[in-house]
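Here the structure comes first, spelled out in structure tokens, and everything after it is commentary.
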Amino acid sequence: MVANHVDKPVASVDVTEHLQFVGDDVSLAGQIDYPKAKRPRSGYPLLFVIPHGTSMSRSDYDHIAELGTSIGAAVFRWDKRGTGRSGHGVNGSIEIDTVRAYDYALQLPSINPEQVIIFAQNDGTLLLHDIFGAMKREQRPLGVLLAGNMLDPKSISKLDVPAHIVVSKNDWNDWRTYAEKAADAHAEKYDTDTDFFVAMNTNRLLMYSSGNTFHKGAESSMKQWLERVCQTS
């Protein structure tokens with residue numbers, strides 16, 4: 001199950017486990033990053049990453065691993081089929097791959113399966129919408145973090161857990177619909193913890209237009225929300 005243990009070159013990560021697991025008729029590769037924080041008696045909270053459609057490697061989420069571990073959560077990320085170290089697989093679907101990755105992550109040692117946050121980015125938010133029922137059957141998450149949200153006010157209402165939305169003002173999807181109105185609709189339906197943040201001068205992956213660095217304000221808003229929902233501070 002575990003290929004090796006290596007130190008991750010970010011300050012908040014203690015140990016990384018590289019993993020191989022079975023998707024939908026394909027072998028998938030991933031990793032879990034554990035924080036330097038002391039392991040809670042019930043296990044670490046888990047931040048589970050659903051990659052966006054153009055992601056070619058789980059290394060695209062180094063910044064999310066750093067963010068999650070900085071608040072004391074473990075972070076599970078993986079290469080979707082046909083990318084990174086995962087197999088290509090002629091048959092099968094990314095939908096089933098994702099549910100199986102989620103189920104696999106929940107069973108890892110040192111994880112508290114009752115304290116899970118799902119992070120989805122861009123078209124990964126659409127995928128989350130389609131498989132949310134199946135993921136809830138495995139384990140209902142504490143909340144969802146939607147970066148570059150593509151769910152409109154009607155669609156987001158399917159996600160009946162606390163949500164935090166982060167979008168770029170420069171995205172072709174209007175932030176007023178996919179952040180402000182989506183958050184309002186979700187909060188009204190569930191009377192739950194729903195808020196949003198709009199990042200200026202970024203691409204739709206929330207990286208600064210002038211470089212490849214994740215927007216600091218977006219990062220701060222996500223960290224504060226994670227700390228509140230996971231109750232890690």
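Only a predicted model underlies this, so the values are computations on that prediction, with no experimental measurement involved.
Note: K80 NZ to S86 OG = 9.5 Å, rounded to the nearest 0.5 Å. The line from CE of M56 to CG of D79 is 9.5 Å long, rounded to the nearest 0.5 Å. The NE2 atom of H215 sits 8.5 Å away from the CG atom of L206 when rounded to the nearest 0.5 Å. Atom CG in L146 sits 9.5 Å away from atom OG1 in T194 (nearest 0.5 Å).
Not one N or O on the side chain of R77 forms a donor-acceptor pair closer than 3.5 Å with the backbone of V49.
Under a hydrophobic clustering in which Ile, Leu, Val, Met, Phe, Trp and Tyr are joined whenever their side-chain heavy atoms come within less than 4.5 Å, directly or via other members, L126 and I156 fall into the same cluster. Y190 and L151 are assigned to two separate hydrophobic clusters, defined by single-linkage of ILVMFWY side chains at heavy-atom distances under 4.5 Å. M207 and M222 fall within a single hydrophobic cluster, where Ile, Leu, Val, Met, Phe, Trp and Tyr are joined by side-chain heavy atoms under 4.5 Å apart, directly or via other members. The cluster map of Ile, Leu, Val, Met, Phe, Trp and Tyr, joined by side-chain heavy atoms under 4.5 Å apart, puts I165 and V161 in the same cluster. Tracing side-chain contacts under 4.5 Å through hydrophobic residues (I, L, V, M, F, W, Y), one reaches L28 starting from I50; they form part of the same cluster.
Annotation for A37 and G72: closest pair CB-CA, 4.1 Å, computed over non-hydrogen atoms. Closest approach of I94 and T98 over heavy atoms only: O-OG1, 2.7 Å. When all heavy atoms of P162 and T192 are compared, the closest pair comes out as CG-OG1, 3.3 Å. The two atoms that bring H186 and A163 nearest to each other are CE1-CB, 4.0 Å, heavy atoms only.
Between H52 and L205 the shortest side-chain heavy-atom distance falls below 4.5 Å. Side-chain contact check for R204 versus W172: some heavy-atom pair is nearer than 4.5 Å. At a threshold of 4.5 Å between non-hydrogen side-chain atoms, the residues Q107 and D103 count as touching. Using a 4.5 Å heavy-atom cutoff, the side chains of W225 and I117 are in contact. Residues W78 and Y61 have side chains not in contact (no heavy-atom distance under 4.5 Å, counting atoms from C-beta outward). By the 4.5 Å heavy-atom criterion applied to side chains, H88 and V26 are not counted as neighbours. Using a 4.5 Å heavy-atom cutoff, the side chains of L108 and L46 are not in contact. Residues L19 and Y104 meet the side-chain proximity criterion, which asks for heavy atoms closer than 4.5 Å.
Atom CZ of R176 has 12 or fewer neighbouring heavy atoms from other residues, nucleotides or ligands inside a 6.0 Å radius.
Remark: the D195 side chain and the H164 side chain contain an N/O donor-acceptor pair separated by less than 3.5 Å. For D60 and S57, the side-chain atoms include no donor-acceptor pair closer than 3.5 Å. Between the side chains of S70 and E66, no donor N or O sits under 3.5 Å from an acceptor N or O.
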Criterion side chain to side chain contact (heavy atoms under 4.5 Å, CB included) on V99 and R137, from CA distance to verdict | CA-CA 10 Å; V99 174; R137 285 192 290 273; over 6 Å; no
Stepwise, does the side chain to side chain contact (heavy atoms under 4.5 Å, CB included) test hold for F119 with V75?
-> CA-CA 10 Å; F119 173 92; V75 180; over 6 Å; no
Given the rule in the side chain to side chain contact (heavy atoms under 4.5 Å, CB included) test, do V198 and E180 qualify, once you have shown the distances and angles that lead to the verdict?
-> CA-CA 9 Å; V198 180; E180 184 177 41; over 6 Å; no
Can you check salt bridge (Lys or Arg N to Asp or Glu O under 4.0 Å) on K181 and D174, steps first, answer last?
-> CA-CA 10 Å; K181 291 180 181 178; D174 191 336; over 6 Å; no
What's the verdict on salt bridge (Lys or Arg N to Asp or Glu O under 4.0 Å) for R140 and D160, showing C-alpha distance, side-chain angles and the deciding distance?
-> CA-CA 10 Å; R140 182 185 181 87; D160 58 348; 3.5 Å; yes
Could you give me the CA-CA distance, side-chain angles and deciding distance for N173 and V167, then say whether side chain to side chain contact (heavy atoms under 4.5 Å, CB included) is met?
-> CA-CA 9 Å; N173 290 319; V167 300; over 6 Å; no
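The aromatic rings of F48 and Y102 lie perpendicular to each other, with more than 60° between the two planes, well past the 30° mark.
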